[in-house]
Structure formats: structure tokens, C-alpha cells
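One structure is given here, and the rest of the page talks about it.
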Amino acid sequence: MRLLERMRKEWFMVGIVLAIAGAKLEPSVGVNGGPLKPEITVSYIAVATIFFNSGLSLKTEELTSALVHIKLHLFIQIFTLAFFPAAIWLFLQLLSITPINEWLLKGLQTVGCMPPPVSSAVILTKAVGGNEAAAIFNSAFGSFLVTNQCILLISSPGYLSKLPTFLHLHHQGPSSAVVS
């Protein structure tokens with residue numbers, strides 16, 4: 001009976017393990033165009049449902065009181081948008097002396113500047129009994145801020161100009177192209 005109680009308490013983690021095991025056993029269910037249609041269900045329906053449920057469960061007073069925690073918001077935004085990208089940058093400096101592909105490192109740099117997905121932040125905060133209102137605010141605000149941060153990173157001198165050209169297409173008549 002103790003195992004069943006523990007599983008009820010840790011229902012979210014049990015669900016994650018079951019979802020991973022199911023994906024391993026039958027990956028075709030979750031691919032784009034598959035029966036679950038993740039390109040629609042995950043991108044739109046799941047995120048909208050998470051925000052709708054979070055909004056229904058939050059009291060207006062909780063959301064209002066969460067907005068006044070300036071030190072908390074500053075800490076979260078600085079950690080997410082400054083400390084973590086700086087730590088990733090340092091880590092990438094170490095990786096740059098290895099034979100890892102340069103474009104993989106640039107991809108990691110870009111991802112390292114992004115905040116956690118809004119839906120994950122809200123779900124995980126709720127699952128551990130954290131301040132859900134603060135999680136919603138910081139996720140939405142961080143996503144807004146990081147959009148500008150990524151634009152600055154990607155538009156920095158030399159970033160886009162060094163993108164490799166994978167395909168050079170040369171026209172060889174009315175309906176053919178040759179890849180060189």
C-alpha cells in the first residue's frame with residue numbers, strides 16, 4: 001500500500017516516466033502527422049489549456065500580490081537572462097577546444113539564451129507547490145525579454161554572415177537542379 005501512496009503523491013513524475021516509456025515503445029504515435037497531431041495539440045491546445053487551467057485556479061489577489069515581488073522577479077530574470085547564458089558561454093569556451101562542430105556550439109549558445117518553456121515552468125512550479133502566479137508572470141515576461149535578447153545575439157556582427165551554405169543550386173535547364 002505504501003508504493004501506491006507514493007505513486008499518488010508523485011503522480012506527475014510517474015506520468016512523465018510512462019510517457020517516455022510509451023514514446024520509446026511506439027514512437028510513431030507522437031510524430032508530426034501521427035495520431036496525436038503534436039504540431040497542433042502540443043503547440044496550441046496544450047499551452048492554451050495550461051494557461052486556462054492556471055488562470056482558473058489563481059485568485060486575482062494571488063496574481064496581484066505576485067506582481068509586487070520585485071526582488072523575486074529581478075532574481076529570476078537575471079538568473080535566466082544573464083547568469084545562465086554567461087555560464088553556457090563559459091562552458092562553450094571549454095567545448096570550443098574540442099572537435100565538436102562549430103554550428104552545434106552556436107546552436108547551444110542560442111538555446112542557452114532562451115528561457116524555459118512557459119508551459120513547463122508553470123506545470124513544474126505547480127507540481128512542487130511553488131508560487132504559480134510568479135511562475136506565470138516570469139515565464140511570460142521572460143519570453144518577451146528573451147525575444148529581444150535572441151534578436152541581438154543572432155544579429156550580432158559575424159553571426160549570420162558565417163552561416164554555411166549547404167546547397168548550391170545551379171539551374172541546368174527547365175526542370176532540373178544540380179547540387180554541388
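In this structure, Thr110 OG1 and Trp103 CH2 are separated by 9.5 Å, a value rounded to the nearest 0.5 Å. The CZ atom of Phe83 lies 15.0 Å from the CD1 atom of Ile76; values are rounded to the nearest 0.5 Å. Going from atom NZ of Lys126 over to atom CG of Asn131 covers 13.0 Å, rounded to the nearest 0.5 Å. Taken from CG in Leu92 to CD in Gln109, the straight-line distance is 6.5 Å, to the nearest 0.5 Å. In this structure, CZ in Phe84 is found 15.5 Å from CH2 in Trp89, a value given to the nearest 0.5 Å. Between the CD atom of Gln77 and the CG atom of Leu72 there is a distance of 9.5 Å, given to the nearest 0.5 Å.
Side-chain contact check for Phe12 versus Val128: every heavy-atom pair is 4.5 Å or farther apart. Annotation: side chain of Ile16 is in contact with side chain of Met13 (closest heavy-atom distance under 4.5 Å). In this structure the side chain of Leu94 never reaches within 4.5 angstrom of the side chain of Leu90, judged on heavy atoms.
Put simply, Val111 and Leu95 are part of two different groups of oily side chains (I, L, V, M, F, W, Y) that touch within less than 4.5 Å, one to the next. Side-chain heavy atoms closer than 4.5 Å link hydrophobic residues (I, L, V, M, F, W, Y) into clusters, and following such links, even through other members, never connects Leu25 to Val17. The hydrophobic clustering, which links ILVMFWY residues whose side-chain heavy atoms are closer than 4.5 Å, places Trp11 and Ile123 together. With hydrophobic clusters built from ILVMFWY side chains whose heavy atoms lie under 4.5 angstrom apart, Phe91 shares a cluster with Ile100. When the side chains of ILVMFWY residues are joined at heavy-atom separations under 4.5 Å, either directly or via intervening members, Leu104 and Ile88 end up in a single hydrophobic cluster.
When every heavy atom of Pro38 is checked against every heavy atom of Gly30, the shortest pair comes out as CG-O, 3.0 Å. Residues Val29 and Pro35 share a closest heavy-atom pair of O-CD, 3.5 Å.
With sequence neighbours left out, Ser28 forms a side chain to side chain donor-acceptor pair (under 3.5 Å) with Glu26.
Using modelled atom types, one side-chain atom of Thr41 and one backbone atom of Leu36 make a donor-acceptor pair closer than 3.5 Å.
For His73 and Phe141, the ring centers are positioned 6.0 Å apart or more.
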